[in-house]
Amino acid sequence: MRKLLLSAASIFSAVGLGSFANAQARPLPGPDVQQIYQRLLPQIEKIPAFDHHAHPGFSDDPDVDAMAAPPDFSEALRTRDDNPELIAAAKALFGYPYADLSPDHAKWLIAKKTELKKQYAGTAYFNMILDKINTESSVANRAMMADYLDPQRFPWVFFADSFLWPFNNQRESARNPDEGVYIPLQEKMLHRWMQQEGVSKLPPDLDGYLKFISQVLEDNRSKGGIAMKFEVAYFRPTTFGDPSRDQAADLYSRYATGGIPTEKEYRTFQDYIFRHLVLEGGRLHLPVHIHTAVGIGDYFNLSESNIMNLESVLRDPRYRTTTFVMIHGGYPLEREAVWLAAMKNVFLDSSFGELAQYPSAFKDTLKMWLETFPDKITFGTDCFPYNDVLGAEESYWLGAESSRMALAAALAEMISESEISEARALALAHAYLHDNAVKLYEGRVH
Ligand SMILES: [Zn+2]
């Protein structure tokens with residue numbers, strides 16, 4: 001009750017400042033909403049952003065992701081190659097002179113990029129792209145870092161899934177064509193971590209395996225890694241049991257050197273390793289990023305990877321010193337997802353939502369989030385180099401532009417509906433585009 005009185009008092013003081021026409025919020029925006037939008041957008045365009053989730057790189061670089069796209073998957077409308085907005089992206093970034101992306105015209109774009117890569121050698125090229133979209137720094141969620149990305153502006157987020165796959169994966173890879181692509185890449189990633197640590201075969205017992213995992217995390221952190229990322233929803237259900245260390249140790253000793261665990265046995269082992277990694281994320285101050293949304297591939301199982309499956313982990317007090325970032329904010333379950341951010345250590349990233357949806361729909365997502373936990377939401381693009389023509393450059397642009405427009409529109413409605421003042425709206429814009437995410441890394445990013 002005391003809280004209610006306080007918030008009523010703050011509303012009245014705001015009215016006293018002349019920020020609101022009414023003390024009671026209205027259900028519809030007024031005729032001024034367009035004007036407010038036009039006024040906000042240029043100010044929002046000027047806010048230097050921190051991109052909390054992206055896959056920068058060139059299309060021929062296999063380290064852009066720890067997994068690959070499965071064959072012949074169904075693309076949602078806006079993420080198809082023929083999206084005309086990508087022509088707008090090429091115009092804005094490169095002065096593309098044509099109105100279509102026919103193969104002949106696309107050659108112009110490839111030649112232009114080749115020329116610019118020469119002009120902006122080394123790390124200068126992607127820095128120049130960030131400058132063009134007013135992004136100060138962008139997470140590089142990549143298998144390994146690239147020498148053509150400036151670590152000052154592209155902090156590395158590495159992948160942690162491969163630690164879940166140390167056994168014989170024959171049955172798991174055969175589950176469907178998508179897993180046939182994904183799981184062997186996890187095996188490859190695990191071997192790269194082993195190479196990094198100079199380990200030629202798996203340690204003989206669980207203690208040794210956990211030590212090896214910690215060593216990789218610590219080394220990745222000292223190489224500039226700011227967080228670990230799971231895309232586990234692509235590989236198995238995101239419901240995690242809570243097995244004992246003895247159970248995990250028994251399974252490790254039975255299968256580390258051969259034999260195929262049953263599905264149940266493998267998942268029990270993975271449940272333990274996942275929880276161990278979450279604890280290590282707290283100990284080492286490495287926030288844990290988790291893919292929480294639909295995924296590419298026709299076999300991606302939405303009900304088994306529902307973001308709410310993670311609730312028992314996120315609300316477990318044992319993990320309160322671990323910072324969690326729900327990458328893609330649970331889309332299309334972003335309405336439920338925002339209530340997970342009630343936990344002080346849980347944050348939502350909006351990337352992919354701004355690409356999967358057009359700004360008119362993404363505006364509603366952002367508005368609902370801004371009206372709930374505006375201090376717990378962060379901006380990201382999920383940019384990715386789709387191919388030579390439609391590179392990370394264009395998806396950076398589309399993601400950043402879409403997010404800024406949707407943000408301006410959401411805030412304009414909130415102002416017009418007498419929910420917040422214009423000054424508060426701009427503070428929320430800074431928080432979403434930059435400050436909320438940067439705070440999580442304790443001075444390691446800017
Ligand atoms: Zn991503």
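First listed ligand is number 1; within each ligand, the first listed atom is number 1.
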Regarding [X], does it place an N, O or S atom less than 2.8 Å from the Zn ion (ligand 1)?
X      : value
His55  : yes
Asp382 : yes
His53  : yes

key: Phe73 ring center near Phe300 ring center (under 6.0 Å)   =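 Aromatic pair excluded; centres sit 6.0 Å or further apart.
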Tyr148 six-ring centre to Lys117 NZ/CZ under 6.0 Å and within 45° of normal =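 Negative - Lys117 is either too far from the ring of Tyr148 or too far off its axis.
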key: Donor-acceptor pair between Tyr266 and Asn169 side chains, under 3.5 angstrom   =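 Looking only at side-chain atoms, Asn169 and Tyr266 do form a donor-acceptor pair, the distance falling under 3.5 Å.
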key: Criterion side chain to side chain donor-acceptor pair (under 3.5 Å) against Thr378, the qualifying member of His53, His52, Lys439   =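 It is His52; the other options fail the test.
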